**Student:** 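Here it is, the structure in full.
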2 protein chains.
Amino acid sequence: MAGPAKIKDIAARAGVSPATVSRALSDTGLVAEPTLSRIREVAQSLNYRPNVSARNLRTQRSMAVLMVVRDVGNPFYLEIMKGVEATARAAGYSVLMGNTENNAEREVEYFDMLRDGHADGMILITGKLPWSVQESRQHLHGLPVVVALETIEGLGLPHVQIDNVGASRAAVEHLIDLGHERIAHISGPVPEVMSVKRRDGYRQAMSAAGLAIPDGYEPVGDYLLHSGETLCRALCERPDPPTAIFVANDEMAFGTINELRRLGLDVPGDVSVVGFDDLFLSQAFYPPLTTVRQPRAEIGQEAMRQLLRVLTGDLTEAETLEMPTALQVRGSTARAKPI
Amino acid sequence: MAGPAKIKDIAARAGVSPATVSRALSDTGLVAEPTLSRIREVAQSLNYRPNVSARNLRTQRSMAVLMVVRDVGNPFYLEIMKGVEATARAAGYSVLMGNTENNAEREVEYFDMLRDGHADGMILITGKLPWSVQESRQHLHGLPVVVALETIEGLGLPHVQIDNVGASRAAVEHLIDLGHERIAHISGPVPEVMSVKRRDGYRQAMSAAGLAIPDGYEPVGDYLLHSGETLCRALCERPDPPTAIFVANDEMAFGTINELRRLGLDVPGDVSVVGFDDLFLSQAFYPPLTTVRQPRAEIGQEAMRQLLRVLTGDLTEAETLEMPTALQVRGSTARAKPI
DNA sequence: CTGAAAGCGCTAACAA
DNA sequence: TTGTTAGCGCTTTCAG
């Protein structure tokens, strides 16, 4: 016998029809006992595996979902991926990773994969959709897509999110509680929704405490190490340098702290720094980073759960799940020095 | 029209047979010009996408490859993944990520995916195969599998590797050049091939310099942060604590440095530390980590290239590619203090 | 250069 | 409970 065994081979050896084999192997409960175990044995001995293409073609489903992120290279997404994968596996789905590199064409490609049968549904972790809205509506309406972490407005898609505004406000309040007044914010690439929300949280906290935000106290970064360094330097060269910085993600916070050190400033002695994300290395960093913890694995889990509900028709209207965050107070923040 | 357009729909609208449409759309050069562009236009306007299951079933290929790693959660694999993906895409393949979690069953599962048509080939980045050798031989012989970074011996599989022994030796020689004599090694989980090789490099360098390796100077870790901390502490509590430590990977090195700091020791003032991997955060770490850089993206690229050659039948016998490494000397190593 | 026809391997009506 | 039959959408001989 050349190549892998087919259902027909099993049928022949077991002396039954292909249909019976199919039924036996997929646990429909429609096959009687003497036959059932015989088929199973034969399948086992032939080392049988159903051909997925044939099955998918016939059933019109791929039993796969697509998880699309901006950049697979970012460790931040990994734990989410794990959460997604675990839940998907348990339901018999496999997970394909998609990587857009912030490239509109590639995003479209992944949407196309839904239509061409590559995947049955999609978990989107990218914030912007590049096409004109009407086109989007056409494509998106009724598509099995769940948005995680980011926000895509006006399309009625289910979301799994965190309270970016509240979490940021809490982070900044922590700095205010420590007596800081000149608090700057290194933001993500506004006007992306997530970055705007984190900046809003910062502004709310400042305003509630009656603190002013000087011009230029909200430089815009790109969530990468290097921009943390550059923007921190600019901030420190001002006549009114901050005594604390709330940075929109951990990676930029690492850059910020490094730059402060290079400038001869002590963290947290001279300047306090708070990040956002709680990467697994953040507590191994020196000083251990005070940062906002997101329940990443749970976010992935919930996103996949939602998607399963969409896929089974249980979930018809868009629902937004909000997952809790927690400020991890560690060594990068301290009381403001008395003036 | 319900559902996505099929080849038949295009054929109908263009007034040709399905066969011609198929030929036109797959650029076989067998379709004449008036027809060709008409078909393309119709396909475009119908927003046609070929159904992958049908195509795969017919062609007996999935145009997908599987990249299997121990732990997707490890950022170390990400850049490799990127290299693999870029090369795969260019050749029209997509990449599926597999995650074994060091679980034998799951490894088998991924091998099965080759047989059931999920993927056409596989890039394996796990060091051990759990099954009895004869079984392995049956399964593996002639399978389109390329091993990257790790080593699987005796099965005649193509490999893409680095010189773990040489790189480790060079790392330790760097410490010796700095005047260190009491140099310890925190190893990976021996007897895994990679861990053994790195330890061998350490031993070779020590022996070549005529330096002794006291009992207990080679504690065995698991490549995770925490074991770096624990093992470092044990090392420092000895009557003859090391003045330098060569750690088998960066993650454990981070743990090591943190623990040293906790013990009130300065890095590199009191103890020098060298890692292995050069994670993207290693230069952002404090102090910036001296470590062995591996060309990760290139490793992924080459592994995929090899796999493509296997897939096209260009590569028939096992070939082992060795990629260069480079010691990145940064701030975590310094001259030994005079005694 | 184009069309007709067969079939990839599987599952799901419909019959028996 | 099992078998018969048809067909998922595509590509590829084989004819013309």
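Chain identifiers are assigned alphabetically (A, B, ...) following the order of the sequence lines, protein sequences preceding nucleic acid strands; residue numbering begins at 1 within each chain. This one's a predicted model, so the numbers in the text were calculated from it and none came from an experiment.
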**Student:** Strictly below 4.0 Å, heavy-atom distances to any atom of DNA chain D: list the hits from residues 23-36 of chain A, or just say none.
**Tutor:** A:R23, A:L30, A:V31, A:A32, A:T35
**Student:** Rounded at 0.5 Å granularity, tell me how far CZ in A:R296 sits from CD1 in A:I80.
**Tutor:**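 One gets 7.0 Å once the value is rounded to the nearest 0.5 Å.
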**Student:** Using 0.5 Å steps for rounding, measure from the CZ atom of A:R115 to the CG atom of B:N47.
**Tutor:** 4.0 Å
**Student:** Which pair of non-hydrogen atoms, one from B:A14 and one from B:V42, has the smallest distance, and what is that distance?
**Tutor:** CB-CG2, 4.2 Å
**Student:** Run the salt bridge (charged side-chain N to carboxylate O under 4.0 Å, His left out) test on B:E101 and A:R89 for me, step by step, so that the C-alpha distance in whole Å, both residues' side-chain angles and the decisive distance to 0.1 Å come before the verdict.
**Tutor:** CA-CA 14 Å; B:E101 318 248 4; A:R89 285 183 79 73; over 6 Å; no
**Student:** Measuring from the side chain of B:R55 (C-beta onward, heavy atoms only), which nucleotide among D:dT11, D:dG3, C:dC10 has the closest atom?
**Tutor:**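 Within the option list, the nearest is D:dT11.
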**Student:** Do we see a donor-acceptor contact under 3.5 Å between the side chains of B:T151 and B:Q161?
**Tutor:** yes
**Student:** According to a strict under-4.0 Å criterion, is A:Y48 in side-chain N/O contact with OP1 or OP2 of C:dG9?
**Tutor:** no
**Student:** Please report, rounded to the nearest Å, how far the C1' atom of D:dG3 is from the CD1 atom of A:I7.
**Tutor:**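 Distance, rounded to whole Å: 14 Å.
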**Student:** With a 4.0 Å limit, can you tell me whether B:Q60 has a side-chain N or O closer than that to the phosphate oxygens OP1/OP2 of D:dT11?
**Tutor:** no
**Student:** Within this structure, what is the CG-to-P distance between A:L57 and D:dT11, rounded to whole angstrom?
**Tutor:** 12 Å
**Student:** Starting at CZ of B:R58 and ending at P of D:dT11, how long is that distance when rounded to a whole Å?
**Tutor:**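 Distance check: B:R58 CZ to D:dT11 P gives 9 Å.
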**Student:** Starting at NE2 of B:H118 and ending at C1' of C:dC10, how long is that distance when rounded to a whole Å?
**Tutor:** 15 Å
**Student:** Could you check A:P18 against B:P18 and say which one's nearest nucleotide on DNA chain C is further toward the 5' end?
**Tutor:**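 Whichever sits nearer the 5' end wins; that is B:P18.
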**Student:** Which of these nucleotides, D:dG3, D:dC10, C:dG9, is closest to any side-chain atom of A:A19?
**Tutor:** D:dG3
**Student:** Using atom CD1 of A:I39 as one end and atom P of C:dT11 as the other, report the distance to the nearest whole Å.
**Tutor:**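 Spelled out: CD1 on A:I39 to P on C:dT11 is 13 Å.
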**Student:** Within this structure, what is the CG-to-P distance between B:D116 and C:dC8, rounded to whole angstrom?
**Tutor:** 19 Å
**Student:** Would one find a side-chain N or O of B:S22 under 4.0 angstrom from OP1 or OP2 of D:dC10?
**Tutor:** no
**Student:** How do B:T20 and A:P50 order along DNA chain C: which one's closest nucleotide is nearer the 5' end?
**Tutor:**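 Final value for this comparison: B:T20.
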**Student:** Using distance only, find each side-chain donor-acceptor pair of residues 19-33 of chain B under 3.5 Å and give its atom names and separation, not counting sequence neighbours.
**Tutor:**
from	atom 1	to	atom 2	distance (Å)
B:T20	OG1	B:S17	OG	3.1
B:S26	OG	B:S22	O	2.7
B:D27	OD1	B:R40	NH2	2.9
B:T28	OG1	B:R23	O	3.1
B:E33	OE2	B:S37	OG	2.5

**Student:** Without decimals, in angstroms, what is the distance between B:K6 NZ and D:dG9 P?
**Tutor:**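 So the two atoms are 4 Å apart, to the nearest Å.
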**Student:** So, taking the atom named CG in B:L114 and the one named CE in B:M122, what distance separates them when rounded to the nearest 0.5 Å?
**Tutor:** 5.5 Å
**Student:** Over how many whole Å does the gap from A:N56 atom CG to D:dG9 atom P extend?
**Tutor:** 13 Å
